Amino acid sequence: MIAKEKKVFARSPVLTPKITHYCPGCGHGVVHRLVAEAIEHYGIRERTICVAPVGCSVLIYKYIDVDMSEAAHGRAPAVATGIKRARPDLFVMTYQGDGDLAAIGTAEIIHAANRGENISVIFVNNAVYGMTGGQMAPTTILGQKTTTTPTGRSENEGPPIKVCEMLGTMDAPSYIARVTVDKPAAVRKAKQAIITAFGRQLDNKGFSLVEILSPCPTYWRLPPVKAVKRIEEWMVHTFPLGVYKDKEAANA
Amino acid sequence: MSGNDAVVEGAIRAGVDCYFGYPITPQNEIIAGMAARLLPLGRVFLQSESELAAISMVHGAAAAGKRAMTTSSSPGVSLMQEGISYLAGSRLPAVIVNIQRGGPGLGNIAPAQGDYFQATRGGGNGDYRTIVLAPDSAQEMLDFTFQAFDLADQYRSPVIVLSDGRLGQMMEPVELRDPPARKRVEKPWALTGAKGRDAFFVCSLRLPVPELAEHNRVLDKVFREIERREPRAEAYRTDDARLVFTAYGACARLCREAVDLLRDEGLKAGLLRPITLWPFPHKKLLASLKKAKTLVVTELSYGQMLEDVRLAVEGRVPIEFLGYAGGEAPSIKELVALGRKLLKKSNRKKASKGKRR
Amino acid sequence: MPKTKTRGSKKKSVAQPPSAVKKTGKTVKKHPAVEATREILLAGSGGQGLILAGKMLAQAAVAEGFNATYIPSYGAEVRGGTAHCHIKVGHRPIGSPIVEDATIIVVMNEPSYRAFTPLLRKGSTLVVNSSLVPTVGKHPGVKVIELDLTEIASKMGSMRSANMLVFGLCAGLLGIEDRKLLSGLLTDTLGKKNPALLGTNLQILAKGVDLGEEAAASK
Ligand SMILES: Cc1ncc(C[n+]2csc(CCOP(=O)(O)OP(=O)(O)O)c2C)c(N)n1
Ligand code: SF4
Ligand SMILES: [Mg+2]
């Protein structure tokens, strides 16, 4: 897809013109854009089904202009499985937060991955429950204060769950990677990872997941600029970036 | 103090040992409040990975003989139905607070009363009931949470406090007090390690038919006893009322204010407020209808409690129904206007009858 | 994009045109004690702190011996858009915490002005934050007080404390004039959180009460 005139930036037509409800500096907006651009990249808007999570991005159907289904909190991979098995010709993705995917939906994501279900998962890890007002998430970092860990997360709750590492041990998944969106270069990498993940489904290679470390200034209780900095200072130590599973590279 | 904060206060006063919960609006103040209060006391607070897990954590703590509770809102309470059925089957005491919101499904976070059937009919599988207490003020959020623990222990049964987003979020003055308590019962059945006694198995499983049949008979006996002893209702200005409102929770408060306003106009209105939704206060409802020409039922659903009211009234008085959903609720003005209309109509009838004679 | 979403609608088994409510409402004389229940609505954008101001107002009313209820907008509603809260103050039991006939409405921005002015009635007081609500329409029978609350607070040292100005103003309008009580409440609520700003906040609160009393006295 090479345009004659080289446009440096254009709003993806897969995005609706609506202004998002996200807080200033929230990572969801950026990730939405990358997802839309990856859909545009493959020209698959008309055959994409996205399964929305329960979390701040429950309103994603307003912003990404593709067919969408709701799922109960955490159940998106199961709903996506149903859609994909019913219509293997469609491109099926889920978009999930950390509470949705790694707490209440742990069973669904593990089993979808383990089946090598041919779906793509966008996993937005902001280390907190945004929608419900800043409680501990399964990915909350040790020491991090939340409304349900008033003195900071400790041994009492156990250390944060590392989803990519965990799913990376499975045989079936095709592609599993962790990226972030804290700097322009990182955003470019994130987009590339999403494109790779979507490509695996389109090539019938099976399950792919991209975890995106994403700021939640509101419940990290930081101004947006500081929140973005926090990702490098603080989050990547617990959640190192990288590719955790790449079957194609291994096969090559 | 908000209703949600009052739940925390009531639970602490009742001596809750263990709290397990999962965030969901509009009850997040409870889980945050429990974390803030229980951890410094050295009691158990744990955020679970889901409501499914929370209710089973409660199951575990209850089996160990502790006072255990969880709180949630409608979609989360749906997930708890499995665990509540197991609690009932295993005869384990536990307290579950539901700060209802709009449904079905994800619905919205506005106040609603759509979980009446789920709560009063035993929402999980199998033949069981749970006591359901319906507070209508922040004070009662405290009192009923407190009393729910006593009821649960006494009958060895899960007890549900059925509230809603409006009562949970609303603040009003609350007296920080211990409401009337019952005698704390021993729990000789608790799992403590089989030291010097035969080992126990806390369970709902009873494979041989006669065993489960007998177990169900025992449960049924308990439910009948609860039905005999525990129905509670508030009769407000019903003695001479020609129009009686029946509503619970947030709706009951609205009706009470409407009754006061109608009485200011010299119109004879009253309110019968079920406090226990199961057991439903049939007799108290009938007793309030001695002079009534009309019964107005209003709830934030399209007619769930209405069914119990119909069963109780058995056609003795005509019933008008006002149902709301999705977060809408009647305004006081609407209730007053309706009451006025109905009362004037029945007055007119009386007057014209008199003339004819 | 097809979306299967339907809005909840009200179903009533009793037919009742909205006009009927009004008509009958007029003919009936209101009980004086009923008029004493006052209904206050504070509305603005998320960060303006009105939820706190409203809560403190309700607390002050209770400390003054009134019955009071307070309910904020909550949850996802709070992100973006408007944040608002309802306060009711009176001597009788309060059934609904929701404002139906406003005694006082304070609007801190344009969207709130548009959203909540329909609750105004004859005899209501409308307080408008004039810098963020540029055009105020006609409200017959309503006492309209236009003040640049943001600017006043900002000049006194803390723009973000405009909510304490609102708190004081409403207290003044309601005749909750025990200044010791009000400043004690403020100290308890914010003293620890932001000790550096406490002095300024107290001054802003006092200014608010002055403005409120002034407004209550004016016609
Ligand atoms: C069964 C059920 N339990 C709880 C909730 C409440 N709930 C809504 S979103 C959410 C957590 C969202 O956190 P996360 O997935 O991390 O998404 P974020 O908002 O941080 O993007 C919860 C607990 C629900 N909707 N359903
Ligand atoms: S609460 Fe956090 S995750 Fe939710 S919109 Fe705001 S910044 Fe984003
Ligand atoms: Mg999250």
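Since we're looking at a predicted model, the values are computed, not measured. In what follows, chains are A, B, ... by sequence order, proteins preceding strands, each numbered from 1.
When heavy atoms are compared at a cutoff of 4.5 Å, Asp136(B) does not approach chain C at all.
The number of heavy atoms from other shown groups lying within 6.0 Å of CZ (Arg310(B)) does not exceed 12. Within a 6.0 Å sphere centred on CZ of Arg237(B), heavy atoms belonging to other residues, nucleotides or ligands number more than 12.
No side-chain heavy atom of Pro97(C) sits under 4.5 Å from any side-chain heavy atom of Met171(B). Taking 4.5 Å as the limit, some side-chain heavy atom of Asp260(B) sits within range of a side-chain heavy atom of Arg92(C).
Residues forming a side chain to side chain contact (heavy atoms under 4.5 Å, CB included) with Val62(C) (at least two apart in sequence, or on another chain): Pro173(B), Ala68(C). A search for side chain to side chain donor-acceptor pair (under 3.5 Å) contacts involving Asp5(B) returns Ser2(B), not counting sequence neighbours.
Expressed to the nearest 0.5 Å, how far CD of Gln169(B) lies from OH of Tyr70(C) amounts to 9.0 Å.
Tested against Met170(B) for a side chain to side chain contact (heavy atoms under 4.5 Å, CB included), the candidates Ile94(C), Ile71(C), Ile98(C) yield a single pass: Ile71(C).
Your options are Glu257(B), Arg256(B), Arg253(B), and the one with the most heavy-atom pairs under 4.5 Å with chain C is Arg253(B). Chain C forms more heavy-atom pairs under 4.5 Å with one residue of Thr298(B), Asn108(B), Ile332(B) than with any other, namely Ile332(B). Between chain B and the residues Asn67(C), Thr69(C), Ile87(C), the largest count of heavy-atom pairs under 4.5 Å involves Thr69(C).
The shortest non-hydrogen separation linking Ser96(C) to Leu254(B) is CB-CD2, 3.1 Å.
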